[in-house]
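What's counted below: heavy atoms across the whole structure, side chains too, no hydrogens, waters or symmetry copies.
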Amino acid sequence: GLGDVYKRQEYMMNSMNDRYIETEINADDSGHIASVFALGNGYLGMRGTYDEDDEKLPDESGMYINGIFETAEPYKYYCLCRGLAKCDQYTVNLPDWRIIEVYIDGEKACISNGLKNHKRVLDFKKGCIERTFDFTSKTGKTIKVKSTRIVNMERVHSAQIRYEVTPIDFSGEIEIKAAIVKNTWIYGTYPTYTESEITDKNGIVLVSKTKNTGMRAACAVLHKADDSQCEVVNTDERYERVYKVCVEQGKTFTLEKYASFYSDVDNVDNMSEEARAEAANICQIGFDNLQSEQEKFWENYWKIGDVEIEGNDEDQMAVRFSLFHLRQQLATVNDMSIGATGLTGQNYSGKVFWDTEMYLMPYYIFTDPQTCKGLLMYRYRILDKARERAEQLGGVGALYSWCSIDGEETSVVYEASTAEYHINSDIAYAIWRYYDLTGDRDFVYNYGAEILFETAKYMAHRGCFVDGYGGRFCINAVCGPDEYACGVNNNCYTNLMVRFHLNYALRIYNEMLENDKAKLDEVIAKTGIDKEELALWKKASDNMYYRVNKELGIYEQDDCFVYNDPVDMDTLPRHSDIRTMFHPLDLWRMQVLKQADVVLLTFVLGDLFTKEEKKRNYDYYEPKTNHGSSLSTAIHSIIANEIGYYDQAYEYFRNSAFMDIYDVKKNTSGGLHIACLGGVWMCVVNGFLGMRHYDKGIEFNVHLPKAWTSCKCHINYKGSVIEICAGQKETVFSLVSGDGFSFNANGKEYSIDKDNAEVHI
C-alpha cells in the first residue's frame, strides 16, 4: 500500500476537479513539481519551472523538441561484444525562453526572497498554467503578479507567456527583465551551441546546433509590452530585454512573450524564417485569441477523452491529471513517438520503449484512433535501423531496438534490454489493434505488413525446434517483461506473443494475397518472404513451447523461475528497482519479479485463459512482485478486479494514479512516468469497466470501486462512439455517433445501433 506517501505533497482541487493547484512552495521538491507542471503538445515540451530565475533554487528548466537529440561519448567496453550499444542518445535542452523577472528598487521578486499568497494552477480544461503571487520589497512596496503560460495544442510549433504586474500600494518605477538563456546545461555538458542569431526591435531568432549529431533547431521569441521602451543586453550566453516602467498604483503593466520553434525534423527549407514567421503570426493573433483557441481545443477533446468519476474527488483529479498529460505528450506531426517520460524531463533522455505500443496506445486508440497512425509510422520510419539491429545480433529480418530515439540501440543494460525481443511482437500486437479498430488498409498494406513480415522473420529465426522438448519451438536466452530474469529460456509472455505475431503476419499475408496481390508482391520484394519462410512461421506457431505447471496450476514464467531460490519479500523494498542491490548472478536466481509478466499475458491475450487460470497465476506471481517498474501496478489492478480482488485492485489503481503526483518512486523530478499515466486509464476502462478487446470483438464486465458512485467515459470502437455510464447497480451504454456494434457485457450479448441507441445492463 501507499500508506503515508499520500501526505507527501500538499495540494488543493476545485469542486470540478479539473485543476491541480500548488499553494505551498517546497524548494527541496522543485524538480518533482517542475515535472508535474510540465506543458507540451507532442512536438514541444516545457518543464514547469517558475517564471523567474532563482539562484538559490536548483535549475530544473527544460525545453525540448521531439526528435532533436545529441549523442554522448562512445561507451567504453573492456570486452567489446557483437551488438553492444555504441553510445547514448538524449533529447537536448533548448534555449530557455520562459524567464521573466520583476524588480522593485533593485530587489527581485522570487521564491528565495519571499513570496506571499503564492498559487499556481495547472488547468486541465484550459490547457495552461496560471500563477499568482504577491511580493513586498524591503522598502515596503507591494506588487501583485499574474502569469499565464501556454504551449499551443493547435499550433504545435508555438508557445506564449503573459506576465502582468500590478502595484498595490505605490506608484513609481519597476523593472521587468525578459531573458533567454541561449545554450542550456544538461547531463553535465552544453550539448548545443548558437550557430546563428538575428535580432530586431521586438526579439530574437536563435539557431542552436548539437555538437555531435549536427541537428539544428530554431527558436524565435518576440515580445509585446504596454511600454515598448526597453534596453537590450545581448551576450554569448543570454539575451535580455530590460523594461523600466513607471506604473501607477492599481494599474497593470503587461508583458507578453511569443515563441516559435522549428527544427531539422520538420524538413523545411528555412527553419529560421519559419520560426520567425510563426512567432510574428501568433503575436499578431494576440494572447487572448490564442488562449480562447487553446480552451476550445481542450473543450472539444474532453468531450471524448474525459473520464468522469463521482464519489471521490481525489481519484477524479488524479485521473484527469493522467489524461491531460497523456494528450499533451501525443505526437501528431513528423511521425514521432513518445519517450518514457515524454517531453517532461531528462529521465530516459527522450528514448522510446515498448511502453508506447502497450501502455499508451490503448488510451489514444479508444478515444481518437486516427492519432495512433503517426506512432506506428514512427516504427516504419526506423524500420531500416531495425534491420541493421537484426544483422548486428546475427539475425535476419528486423529487430527493433529496446531503447532508442532514432532506432539505434542505446542501452548498456544489455542483460535485460538487448534480450527483450518481445518488443517486436508488442509492435505487431499494436498493428493488429489499430487495424482491427480502424480498418486502415492503406496503412497496413503500405507500411504495416512490411513491419510484420520483417519482425516475424527475425522471431522465427531467433528461436529453434529443440529435440529435448519434443521438437517444440523454443526461444532461448531471452528476457521477458520481468527484467530481473534475464537470459532465461522460453519466457511465456514472449513465446505466446510471438505465436500471436506469426499467426497475424500469416493472416495479413493471406489477406493481401486475396485483396491486393500487386502490393503484396512489392512487400515480398522488400522482405524476401517466400513459401519456405511462411511454412516456418506456421510450424513455429503450431509448435510454440510454453510450460504449464499442473501441480501449481500456473503457466511458468520461463523454464527456471518456479525452481529458483525462494525470497522473503519483506526484506526487499517495494516500488524500487532492486537491480542495483544485487549482482546479476544473485538476482537472476531469485524468485522475485520487477513487474507483471505472466499476469500481463493473462490480460493482453486474456481470451487464452479461464478466470480460474488467471486467479491461480495472479495468486502465485503477485506476492513475488516488488513493482520495481512503474508499469506494474496498473496491470495488477486490472487482473485483481477481474478475479474479484476488488480492494487490492483499487489500491493498485491508486498507486498508479498518484505515482507522479506524490512522487511515489522518488524520481519524478526526472520526468513523468508517461506509461504509468496510460496505465491509469487502463485501470479504469480495462479494470473497473472490464473492457477487453479480442479478435472476436469487445466485451465489458463492470465492477466499480466502493469509493465511486459512478464512472462515465466514451469509447471509440470501429468508427462508432459510445458513452458508458457505470453505476454501482446499473450500467448504461449509449450510442453517440456511428452505426453501432455488438458487444458482450457480463456474459451476455448485446447490440447497440441507431434503432436501439441505449442499452441498460
Quiz item: Where do Tyr493 and Gln557 land on the side-chain contact (heavy atoms from CB on, under 4.5 Å) test, with the steps shown first?
Solution: CA-CA 7 Å; Tyr493 174 91; Gln557 180 172 306; over 6 Å; no

Below 4.5 Å, heavy atoms only, C-beta onward: do [X] and [Y] meet side chain to side chain?
X: Arg381; Y: Met336; answer: yes
X: Val604; Y: Met358; answer: yes
X: Phe124; Y: Leu122; answer: yes
X: Val352; Y: Ile338; answer: no
X: Ile722; Y: Ile752; answer: yes
X: Leu735; Y: Ser720; answer: yes

Indicate the ring-plane relationship of [X] and [Y], choosing parallel, tilted or perpendicular according to the 30° and 60° boundaries.
X: Tyr20; Y: Phe321; result: tilted
X: Tyr646; Y: His703; result: parallel
X: His575; Y: His627; result: parallel
X: His693; Y: Tyr717; result: perpendicular
X: Trp681; Y: Phe366; result: parallel

Exercise. Could you give me the CA-CA distance, side-chain angles and deciding distance for Tyr645 and Asp619, then say whether side-chain hydrogen bond (donor to acceptor under 3.5 Å, both in side chains) is met?
Key: CA-CA 10 Å; Tyr645 293 175; Asp619 288 343; 2.7 Å; yes

At their closest point, which heavy atom of [X] faces which heavy atom of [Y], and how far apart are they?
X: Gln89; Y: Ser349; value: O-CB, 3.4 Å
X: Ser411; Y: Ser417; value: OG-OG, 3.0 Å
X: Asp660; Y: Leu677; value: OD2-CD2, 4.0 Å
X: Ser576; Y: Asn626; value: O-ND2, 2.8 Å
X: Ala649; Y: Ser637; value: O-OG, 2.7 Å
X: Tyr484; Y: Gly628; value: OH-CA, 3.8 Å

Quiz item: Between Tyr650 and Lys706, does a side-chain hydrogen bond (donor to acceptor under 3.5 Å, both in side chains) hold up when you go through it step by step?
Solution: CA-CA 9 Å; Tyr650 182 58; Lys706 291 179 289 186; over 6 Å; no

Exercise. Would you kindly check if the NZ (Lys) or CZ (Arg) of Arg327 is within the cone defined by 45 degrees around the ring axis of Tyr301 and under 6.0 Å from the six-membered ring centre?
Key: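 Here Arg327 passes the 6.0 Å and 45° test against Tyr301.
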
Self-check item: Row check, Tyr620 ring normal vs Lys624 NZ/CZ: under 6.0 Å, within 45°
Solution: yes

Do [X] and [Y] get their side chains close enough for a donor-acceptor pair, meaning under 3.5 Å?
X: Arg47; Y: Thr344; value: no
X: Thr668; Y: Asp663; value: yes
X: Tyr434; Y: Asp440; value: yes
X: Asn716; Y: Thr367; value: no
X: Asp558; Y: Asn491; value: no
X: Glu622; Y: His636; value: no

Quick test of your reading of the model: are [X] and [Y] salt-bridged, counting only N-O distances below 4.0 Å?
X: Glu642; Y: Lys611; result: no
X: Asp306; Y: Lys712; result: no
X: Lys665; Y: Asp577; result: no
X: Asp695; Y: Arg507; result: yes
X: Asp315; Y: Arg654; result: yes

Practice problem: Mind running salt bridge (Lys or Arg N to Asp or Glu O under 4.0 Å) on Glu699 and Arg692 for me, showing each step along the way? | Solution: CA-CA 5 Å; Glu699 60 186 55; Arg692 297 293 186 273; over 6 Å; no

Review item, side-chain donor-acceptor pairs of residues 372-379, under 3.5 Å, at least two apart:
unit_1 : atom_1 : unit_2 : atom_2 : d
Tyr378 : OH     : Ile405 : O      : 2.8
Arg379 : NE     : Glu357 : OE2    : 2.9
Arg379 : NH2    : Phe353 : O      : 3.1
Arg379 : NH2    : Glu357 : OE1    : 3.1

Quiz item: How about Glu310: does its CD atom have over 12 heavy atoms from other parts shown lying under 6.0 Å from it?
Solution: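 12 or below, so no.
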
Quiz item: Counting only heavy atoms not in Tyr509, do more than 12 sit closer than 6.0 Å to its OH atom?
Solution: yes

Exercise. Test Glu730 against Ile761 for side-chain contact (heavy atoms from CB on, under 4.5 Å), laying out the working first.
Key: CA-CA 6 Å; Glu730 182 184 58; Ile761 298 173; over 6 Å; no

Exercise. Compute the ring centroids of Phe653 and Trp708, then answer whether they are less than 6.0 Å apart.
Key: yes

Quiz prompt | From Phe733 atom CZ to Glu723 atom CD, the distance as rounded to the nearest 0.5 Å | solution =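 Between atom CZ of Phe733 and atom CD of Glu723 there are 11.0 Å.
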
Quiz item: Among Tyr555, Tyr618, Tyr694, whose ring pair (Phe, Tyr, Trp, His ring centres under 6.0 Å) with Phe609 holds?
Solution: Tyr555

Exercise. Please assess His501 against Asp426 for the test side-chain hydrogen bond (donor to acceptor under 3.5 Å, both in side chains), listing each intermediate value before the final yes or no.
Key: CA-CA 8 Å; His501 182 178; Asp426 299 328; over 6 Å; no

